[in-house]
Engineer: 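Please read through the structure below; I'll follow up with questions.
All values below were derived from every heavy atom in this structure, side-chain atoms included, with hydrogens, water molecules and symmetry-related copies excluded. This one's a predicted model, so the numbers in the text were calculated from it and none came from an experiment.
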Amino acid sequence: MKNRVGDDIHDSRSPAGNWLRPRLEAIEKGRARISVLIRPEMCNPFGNIHGGMMSLVIDEAIGWAVVSLAAENHYTSVTLNVDFLYAAASGERIAAEAVVVRQGKKVINVEVHVYNEHNTLLSKASSNLVVTSMKIKSLEELSAG
């Protein structure tokens with residue numbers, strides 16, 4: 001995955017994530033940083049990123065941090081708690097950094113901080129994810145059918 005750092009992602013396993021067009025800024029075991037350019041279709045009537053879109057950015061960063069653990073099974077969110085602290089306008093690039101706080105046998109806890117280009121904390125979040133029985137398929141397996 002480190003070979004993807006700096007890439008704008010459009011071919012991940014997540015169709016919603018691909019729609020965001022995130023840039024993978026950094027990744028290591030249990031940690032991922034993505035950035036997203038806020039487009040007009042991501043905004044509320046005031047021209048700022050919609051809360052649901054901010055949650056999607058956060059969830060996508062969580063996904064990359066969890067994938068970095070190279071687990072055999074998929075995980076799914078049980079909780080996602082978001083504090084919205086400041087707005088970000090269309091045209092701004094925001095960065096979300098996700099850190100795995102604890103990886104247990106069944107549950108992973110992750111924290112995320114989202115910043116603007118001036119390093120202002122825009123939102124912070126925490127999430128718990130539970131392991132599923134679904135095995136992770138490689139990208140080649142997904143392409144084959």
Side-chain angles (χ1 to χ4, degrees), residues 1-39 41-43 48-145:
M1 276 186 289
K2 287 192 176 197
N3 63 334
R4 302 293 310 264
V5 171
D7 288 355
D8 291 332
I9 305 298
H10 54 78
D11 59 351
S12 78
R13 295 180 179 131
S14 169
N18 291 335
W19 180 85
L20 280 176
R21 300 181 209 152
R23 179 177 300 148
L24 183 60
E25 300 288 355
I27 192 156
E28 59 187 67
K29 186 174 182 179
R31 183 180 291 260
R33 182 178 174 94
I34 64 170
S35 69
V36 173
L37 180 65
I38 301 171
R39 304 188 310 266
E41 63 267 29
M42 298 174 171
C43 293
N48 295 316
I49 190 167
H50 186 282
M53 291 293 147
M54 180 68 85
S55 297
L56 177 58
V57 171
I58 288 166
D59 196 50
E60 194 62 18
I62 290 168
W64 281 95
V66 170
V67 165
S68 76
L69 299 172
E72 292 182 16
N73 291 54
H74 284 281
Y75 280 78
T76 190
S77 298
V78 177
T79 63
L80 177 61
N81 301 303
V82 181
D83 294 325
F84 303 101
L85 305 174
Y86 288 98
S90 180
E92 289 186 57
R93 181 167 287 277
I94 59 174
E97 182 157 358
V99 177
V100 174
V101 175
R102 183 174 189 277
Q103 179 184 10
K105 292 179 184 174
K106 301 216 181 256
V107 176
I108 293 176
N109 178 267
V110 183
E111 290 182 349
V112 182
H113 291 104
V114 182
Y115 297 92
N116 66 12
E117 293 170 303
H118 305 290
N119 213 30
T120 301
L121 180 63
L122 302 175
S123 66
K124 60 184 183 140
S126 64
S127 181
N128 290 300
L129 300 96
V130 66
V131 68
T132 70
S133 61
M134 295 181 293
K135 296 289 183 192
I136 294 176
K137 293 181 180 181
S138 70
L139 289 176
E140 292 79 23
E141 291 174 297
L142 290 172
S143 297

Engineer: Before giving the answer on side-chain contact (heavy atoms from CB on, under 4.5 Å), spell out for Leu80 and Ile62 the whole-Å C-alpha distance, their side-chain angles and the decisive distance to 0.1 Å.
Structural biologist: CA-CA 10 Å; Leu80 177 61; Ile62 290 168; 3.9 Å; yes
Engineer: Side chains of Met134 and Thr76: closer than 4.5 Å at any heavy-atom pair?
Structural biologist: no
Engineer: In Å, rounded to the nearest 0.5 Å, how long is the span from CG of Leu24 to CD of Glu60?
Structural biologist: 10.0 Å
Engineer: So, Ser123 side chain and Leu85 main chain: donor-acceptor pair closer than 3.5 Å or not?
Structural biologist: no
Engineer: Rounded to the nearest 0.5 Å, how far does OH of Tyr86 lie from CG of Asn116?
Structural biologist: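 One finds 10.5 Å between CG of Asn116 and OH of Tyr86.
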Engineer: Does the His50 side chain pair with the main chain of Gly52, one donor and one acceptor, at a distance under 3.5 Å?
Structural biologist: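 At least one qualifying donor-acceptor pair exists.
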Engineer: I need the minimum non-hydrogen distance between Asn48 and Ala89, along with the two atoms involved.
Structural biologist: OD1-CA, 3.6 Å
Engineer: For the pair Thr132 (side chain) and His74 (backbone), establish whether a donor and an acceptor sit closer than 3.5 Å, ignoring hydrogens and angles.
Structural biologist: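 Pair found, side chain donor or acceptor close to backbone of His74.
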Engineer: How far apart are the closest heavy atoms of Lys106 and Tyr75, and which atoms are they?
Structural biologist: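 That closest heavy-atom pairing would be O-CE2, 4.0 Å.
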Engineer: Ile38 vs Cys43, test: side-chain contact (heavy atoms from CB on, under 4.5 Å). Steps then yes/no.
Structural biologist: CA-CA 8 Å; Ile38 301 171; Cys43 293; 3.7 Å; yes
Engineer: Donor-acceptor check, side chain of Ser126 to backbone of Glu111, threshold 3.5 angstrom: yes or no?
Structural biologist: no
Engineer: Can any side-chain N or O of Asn109 pair as donor or acceptor with the backbone N or O of Asn128 at less than 3.5 Å?
Structural biologist: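 Judged by distance alone, no pair lies under 3.5 Å.
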Engineer: For Arg93 and Ser35, work out which heavy atoms get closest and say how close.
Structural biologist: NH1-OG, 2.9 Å
Engineer: Give, for atom NE2 of His113 and atom CD of Glu97, the distance between the pair rounded to the nearest 0.5 Å.
Structural biologist: 9.5 Å
Engineer: Walk me through whether Met54 and Ile94 qualify under side-chain contact (heavy atoms from CB on, under 4.5 Å).
Structural biologist: CA-CA 10 Å; Met54 180 68 85; Ile94 59 174; 4.1 Å; yes
Engineer: Do Arg23 and Ile9 have side chains that get closer than 4.5 Å, going by heavy atoms?
Structural biologist: no
Engineer: Check this for me: Glu41, atom CD, are more than 12 non-hydrogen atoms of other residues, nucleotides or ligands nearer than 6.0 Å?
Structural biologist: yes
Engineer: Taking all non-hydrogen atoms of both residues, which atom of Leu122 and which atom of Tyr115 are closest, and how far apart?
Structural biologist: CD1-C, 3.8 Å
Engineer: Over all heavy atoms of both residues, which pair between Ala96 and Val114 is shortest? Give the atoms and the distance, please.
Structural biologist: CB-CG2, 3.9 Å
Engineer: Please find the pair of heavy atoms, one from Gly17 and one from Pro22, that lie closest to each other, and give the distance.
Structural biologist: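 Answer, listing the atom of Gly17 first, then Pro22: O-CD, 3.0 Å.
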Engineer: Checking Leu69 against Gln103 for the side-chain contact (heavy atoms from CB on, under 4.5 Å) test, could you report, in this order, the C-alpha distance in whole Å, the side-chain angles of both residues, the deciding distance, and whether it holds?
Structural biologist: CA-CA 9 Å; Leu69 299 172; Gln103 179 184 10; 3.8 Å; yes
Engineer: Quick one: does Ile108's side chain get under 4.5 Å of Val66's, heavy atoms only?
Structural biologist: yes
Engineer: Answer with yes or no whether the side chains of Asn18 and Ser12 bring together a donor and an acceptor at under 3.5 Å.
Structural biologist: yes
Engineer: Just how far is it from atom CG of Leu37 to atom CG of Leu20, taken to the nearest 0.5 Å?
Structural biologist: 11.0 Å
Engineer: If you measure from CG on Asp59 to CG on Leu129, what distance do you get to the nearest 0.5 Å?
Structural biologist: 7.5 Å
Engineer: In Å and rounded to the nearest 0.5 Å, what is the CZ to CD1 distance from Phe84 to Ile58?
Structural biologist: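 Between atom CZ of Phe84 and atom CD1 of Ile58 there are 6.0 Å.
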Engineer: Heavy-atom distance under 4.5 Å between the side chains of Arg21 and Asp8, does that happen here?
Structural biologist: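 They are not in contact (no side-chain heavy atoms under 4.5 Å apart), so the answer is no.
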Engineer: Does the side chain of Glu25 reach to within under 4.5 Å of the side chain of Trp64, using non-hydrogen atoms?
Structural biologist: no
Engineer: Does Ala61 offer a backbone N or O that forms a donor-acceptor pair with the side chain of Arg33 under 3.5 Å?
Structural biologist: no
